[in-house]
Amino acid sequence: MFEEVIKLKREKNAVVLAHNYQRPEVQDVADFIGDSLNLSLAARNTPARLVVFAGVYFMAETAAVLNPQKKVVIPDLGAGCSLASSVDVEKVKKWREKNPNGVVVSYINTYVDVKALSDYVCTSANCLKIVESIPRDRPVLFLPDKYLGMYIAAKLGREIEIWDGECHVHAKLTTPAILTKVKLHRDAEVLVHPECGCGTACLLEFPKLGVEPKFLSTEGMVNYVKRSPSKRFIVATETGIIYRMAREAPGKDYIPAAEDAVCEYMKLTTLEKVYRSLRDEIYVVSVPRDLAERARLAIERMFQFT
Ligand code: 13P
Ligand code: SF4
């Protein structure tokens with residue numbers, strides 16, 4: 001099946017883009033593996049005709065928004081996201097009406113109707129730079145991740161309005177969960193995704209215990225383990241990333257902060273489904289033109305910060 005996928009990609013002028021949380025066999029067949037930011041850059045820059053997006057729906061939708069002339073397909077239509085689904089568009093519209101001077105900054109984990117209502121899209125790799133660039137006298141609504149929002153507010157020392165959403169996978173990565181692993185592995189470096197449920201406690205409390213966690217996007221984590229001389233890392237994010245870490249920075253120990261931090265939406269994509277998706281060019285992800293145009297503006301504003 002692996003060889004069939006490779007052959008079909010060539011015949012059909014197609015690429016497979018895979019998120020860092022994808023199953024190992026799906027990562028192995030991908031032309032590009034990355035975090036949300038790098039996947040959207042890859043989607044924008046690919047010369048391929050067909051993009052098979054091995055990730056979740058909002059990511060494939062972002063690829064479709066950036067590639068109106070290309071065909072974007074997703075191997076499983078059920079690949080949702082608890083965080084992206086937490087947003088009520090009507091409430092965002094009301095906030096905009098009440099705050100004509102306000103700025104809406106949306107994490108990339110949102111659907112296209114929310115992106116279209118936003119001034120900026122951001123990822124965990126560029127959210128600090130983007131919010132910092134907004135004049136302090138303008139109210140900011142950050143959505144949908146409350147932990148990432150709290151992290152931004154704490155790092156920048158700025159009051160922002162924060163949507164009350166969370167990722168059910170990262171919510172499991174609480175301060176006690178991470179601390180249990182820290183106590184067991186005192187020599188390990190601690191890598192924390194800012195979506196984690198430890199939120200600002202990690203940022204403020206851990207240093208008091210002599211632990212200096214590094215807050216990184218998934219791509220930031222992979223790059224960090226490659227260049228760090230350390231031999232052991234506690235990884236506080238979805239466990240799928242450990243496969244890529246072990247492949248690109250072998251000979252080190254990667255300890256999941258929680259073994260059950262597994263995103264069932266990401267794991268819906270199997271090698272068989274990637275093959276079927278490529279062969280039958282299903283399921284096509286299409287976005288209404290007016291929404292796509294408005295969402296593209298907010299995404300392009302983000303690219304100015306990368
Ligand atoms: P990044 O890969 O952008 O760090 O995001 C993590 C995530 O949860 C994606 O859904
Ligand atoms: Fe969404 Fe969380 Fe899964 Fe990422 S890990 S796709 S934020 S549910």
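Residues: numbered from 1 along the sequence shown. Just follow the structure's listing: the first ligand is 1, and inside any ligand the first atom is 1.
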Under a 4.0 Å N-O cut-off, is there an ion pair linking [X] with [Y]?
X: E97; Y: K93; value: no
X: K129; Y: E132; value: no
X: D119; Y: R96; value: yes

Only heavy atoms of M59, strictly under 4.0 Å: list the atoms of ligand 1 that pass.
9 (C), 10 (O)
I'd like to check which ligand 1 atoms, numbered from 1 as shown, lie under 4.0 Å from a non-hydrogen atom of S217.
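In order of number, 4 (O).
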Among all protein heavy atoms, pick out the one at the shortest distance from [atom]; state its residue, atom name and that distance to 0.1 Å.
atom: atom 2 (Fe) of ligand 2; answer: C167 SG, 2.3 Å
atom: atom 7 (S) of ligand 2; answer: N109 ND2, 3.1 Å
atom: atom 8 (O) of ligand 1; answer: E195 OE2, 3.2 Å
atom: atom 10 (O) of ligand 1; answer: N109 ND2, 3.2 Å
atom: atom 6 (C) of ligand 1; answer: Y21 OH, 3.2 Å
atom: atom 4 (O) of ligand 1; answer: H193 NE2, 2.7 Å
atom: atom 3 (Fe) of ligand 2; answer: C263 SG, 2.4 Å

Touching ligand 1 at all, [X]? Heavy atoms, strictly under 4.0 Å?
X: E219; answer: no
X: Y107; answer: yes
X: T123; answer: no
X: S124; answer: yes
X: H170; answer: yes

For N20 against E219, the heavy-atom pair lying closest together:
ND2-OE1, 3.6 Å
Nitrogen or oxygen of [X] less than 3.5 angstrom from that of ligand 1:
X: D35; answer: no
X: S36; answer: yes
X: T218; answer: yes

Below 30° counts as parallel, above 60° as perpendicular, anything between as tilted: where do the rings of [X] and [Y] land?
X: Y265; Y: H168; answer: perpendicular
X: F58; Y: Y111; answer: perpendicular
X: Y107; Y: F142; answer: tilted
X: Y120; Y: F305; answer: perpendicular

Could you state the interatomic distance from CD1 (I130) to CD (Q304), rounded to the nearest 0.5 Å?
9.5 Å
Using a 4.0 Å cutoff against the non-hydrogen atoms of [X], which atoms of ligand 2 qualify?
X: S82; result: 8 (S)
X: H168; result: 8 (S)
X: E195; result: 7 (S)

Quick one about [Y] and [X] (side-chain donor to acceptor, distance below 3.5 Å, no hydrogens or angles considered), yes or no?
X: D28; Y: Y243; value: yes
X: S217; Y: D35; value: yes
X: S228; Y: E189; value: yes

Tell me whether K155 at atom NZ has more than 12 heavy atoms from other residues, nucleotides or ligands lying less than 6.0 Å away.
no
C81, portion touching ligand 2 at heavy-atom distance under 4.0 Å
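Both parts.
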